[in-house]
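Below: the structure, in structure tokens.
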Amino acid sequence: MSNIPKTQIAAVVPYHGAALQIKNDHPVKQPSELAPGECLVKLFCTGVCHSDLHVSKDDWPLHASTPLVGGHEGVGEVVAIGQNTGECPVKVGDRVGIKWLAYSCLNCEQCRNGREQNCPKAKLSGFTIDGTFAQYAVSYVHHVTPIPKNLDSNAAASILCAGVTVYRALKYSHAKIGEWVVLPGAGGGLGHLAVQYAVAMGFRVVAIDTGLEKKKLCLELGAEKWIDFKEAQDIVQAVREACDGEGAHCAIVTAASASGYTQAVDYLRPGGTLMAVGLPGEAKLEASIFFTVFKSINIIGSYVGNRQDAVEALEIASRGSVVVRYECKGLSELKDAYNALEQGKVAGRVVLEMSR
């Protein structure tokens with residue numbers, strides 16, 4: 001523990017609306033300062049999520065705590081555990097992941113029903129508490145996730161949020177093996193993982209996105225059908241035709257725009273399910289109430305995942321069924337990563353390595 005520094009490099013948003021700052025003197029919580037149940041993790045890497053961009057820009061209806069270190073897809077080594085921590089499931093030296101959900105009480109109605117992410121006492125990495133855009137992060141021993149030995153840290157980072165989020169949405173979508181699942185935004189960070197989880201779970205995938213690079217990626221990952229939303233004159237009709245002329249059984253909408261949700265209700269077949277996953281800040285979900293009822297459409301919000309969802313998502317990836325496509329950058333390049341995300345130029349994920 002003696003080699004833990006007093007300060008570190010971290011990406012900090014000092015206050016709402018302020019520009020991101022890379023600081024070289026951000027404090028590191030020392031082992032003696034850790035509360036029972038807390039652990040200090042020396043980070044190897046962290047993924048960059050579209051949610052981090054929203055938090056940095058402060059364009060959600062909910063507002064983050066500031067000053068704030070963002071990030072919630074960190075992988076690193078436990079280097080200290082708070083004194084008097086009882087029944088600790090991890091030990092110093094373990095490789096673990098830090099997720100969006102950093103803490104929940106595990107004893108309320110939401111936690112007991114497997115919705116730990118909806119716990120009223122939840123603490124959120126990179127939103128209500130400091131996250132993983134730093135060399136060290138404090139998290140909680142009962143919520144950090146063990147990383148399978150055969151899974152690369154950089155790949156695991158993206159599974160901790162993007163992977164868990166789409167896996168849970170598919171898991172609770174009511175879709176059955178052999179049924180059609182439509183994925184708007186299929187070539188993006190969440191989307192390219194959703195394609196692979198869907199294929200691994202036995203679903204048939206229609207990928208919606210734009211550009212030759214994303215088309216190539218989606219088809220390589222197992223999508224059966226591709227629709228370019230900039231080329232298709234009628235997205236709804238194109239999806240119906242791709243799905244045997246009847247429409248899709250399920251749509252997992254990860255896009256951060258309202259149009260993806262509105263179209264999904266129209267191209268779903270009767271009894272179909274819309275899984276709302278993306279988080280547009282101010283957009284409204286508009287759909288015909290008449291046809292939602294007439295077609296027996298299900299609309300379900302799916303928000304990240306619980307601890308078991310994370311274990312399952314990582315296990316599937318560790319078997320090689322899901323491969324993360326990512327580009328590596330250094331922590332100092334976070335602003336460039338945000339710009340690329342904002343312009344829709346990221347195919348796959350961006351991972352920041354602390355060693356750079």
Side-chain angles (χ1 to χ4, degrees), residues 10-13 16-22 45-64 68-75 99-100 124-127 131-134 154-155 157-166 183-195 207-218 221 229-230 252-261 277-283 303-304 324-354 356:
V12 181
V13 177
H16 293 145
L20 182 75
Q21 298 178 5
I22 305 297
C45 60
T46 181
V48 181
C49 182
H50 214 282
S51 299
D52 296 315
L53 176 60
H54 285 295
V55 172
S56 180
K57 293 172 64 179
D58 191 34
D59 64 1
W60 274 350
L62 299 176
H63 303 286
L68 180 74
V69 175
H72 56 272
E73 296 183 347
V75 175
K99 309 178 298 298
W100 173 255
L124 308 175
S125 301
F127 193 73
T132 58
F133 291 154
N154 288 349
S158 296
I159 299 295
L160 291 168
C161 179
V164 172
T165 297
V166 297
L183 301 174
L190 274 73
H192 91 287
L193 296 175
V195 171
I208 302 178
D209 216 314
T210 189
L212 290 176
E213 184 182 3
K214 291 186 177 181
K215 176 181 180 179
K216 181 174 181 289
L217 174 63
C218 291
L221 296 177
F229 66 78
K230 288 187 177 180
I252 309 290
V253 184
T254 62
S257 64
S259 60
Y261 295 88
V277 177
L279 291 170
E282 300 296 336
Y303 170 51
V304 291
V324 183
R325 304 293 179 96
Y326 59 85
E327 175 188 358
C328 290
K329 294 180 180 291
L331 183 58
S332 63
E333 298 174 276
L334 179 56
K335 291 180 184 178
D336 295 336
Y338 278 168
N339 290 336
L341 280 175
E342 202 159 20
Q343 295 167 21
K345 293 182 178 179
V346 178
R349 303 290 288 179
V350 174
V351 175
L352 307 178
E353 293 181 320
M354 299 306 159
R356 291 194 172 204

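In what follows, residues are counted from 1 in the order of the sequence shown. Remember, it's a predicted structure, so these values are computed and weren't measured experimentally.
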Other residues, nucleotides, ligands: >12 heavy atoms within 6.0 Å of Lys215 NZ: no

Any non-hydrogen side-chain atom of Ile252 less than 4.5 Å from a side-chain atom of Leu183? yes

Contact check, side chains of Val277 and Tyr303, non-hydrogen atoms, under 4.5 Å: no

Taking the side chain from Arg325 and the backbone from Leu193, do they hold a donor-acceptor pair closer than 3.5 Å? no

Roughly how far, to the nearest 0.5 Å, is CG of Leu334 from CZ of Phe133? 5.0 Å

Suppose we screen for side chain to side chain donor-acceptor pair (under 3.5 Å). Which residues come up paired with Asp59, at least two apart in sequence or across chains? His54

Between the main-chain N or O of His72 and the side-chain N or O of Thr132, is there a donor-acceptor pair closer than 3.5 Å? yes

Min side-chain heavy-atom separation Leu331-Arg356 under 4.5 Å: no

So, Glu213 and Lys216, do they make that salt bridge, N to O below 4.0 Å? no

For the CD1 atom of Ile159 and the NZ atom of Lys99, what is their distance to the nearest 0.5 Å? 13.0 Å

Checking Glu333 side chain against Gly330 main chain: does a donor-acceptor pair fall under 3.5 Å? yes

What's the verdict on side-chain contact (heavy atoms from CB on, under 4.5 Å) for Gln21 and Val13, showing C-alpha distance, side-chain angles and the deciding distance? CA-CA 6 Å; Gln21 298 178 5; Val13 177; over 6 Å; no

Shortest non-hydrogen pair, Val324 vs Ala155, comes out as CG2-O, 3.5 Å

Could you check Val350 against Tyr326 for side-chain contact (heavy atoms from CB on, under 4.5 Å), going step by step and ending with a plain yes or no? CA-CA 5 Å; Val350 174; Tyr326 59 85; over 6 Å; no

Going from SG on Cys49 to CH2 on Trp100, what distance comes out if it is rounded to the nearest 0.5 angstrom? 8.0 Å

Rounded to the nearest 0.5 angstrom, the CZ-OG1 distance for Phe229 and Thr210 is 5.0 Å

Val75: side chain to side chain contact (heavy atoms under 4.5 Å, CB included) partners, not counting sequence neighbours: Phe44, Cys45, Arg95, Ile147, Ser153, Ala156, Ala157, Leu160

Compare every heavy atom of Gly191 with every heavy atom of Thr254, then report the nearest pair and how far apart it is. OG1-N, 4.3 Å

Might you point out which heavy atoms bring Trp60 and Ser51 nearest each other, and give the distance in Å? CH2-CB, 3.6 Å

Which atom pair, heavy atoms only, marks the closest approach of Glu73 to Cys161? OE2-CB, 3.0 Å

Could you measure the distance from the SG atom of Cys328 to the CG atom of Asn154? Nearest 0.5 Å is fine. 4.5 Å

Taking it one step at a time, do Val351 and Lys329 satisfy side-chain contact (heavy atoms from CB on, under 4.5 Å)? CA-CA 6 Å; Val351 175; Lys329 294 180 180 291; over 6 Å; no

For the side chain of Ser56 and the backbone of Asp52, is there at least one donor-acceptor N/O pair under 3.5 Å apart? no

Derivation of the side-chain contact (heavy atoms from CB on, under 4.5 Å) call for Leu20 and Val12: CA-CA 6 Å; Leu20 182 75; Val12 181; over 6 Å; no

Reported CZ-to-NE2 distance for the pair Arg349 and His192, which is rounded to 0.5 angstrom: 8.0 Å

Between His16 and His63, what is the ring plane arrangement, given parallel below 30°, perpendicular above 60°, and tilted in between? tilted

Heavy-atom closest contact (Ala186 atom, Ala207 atom, distance): CB-CB, 3.5 Å

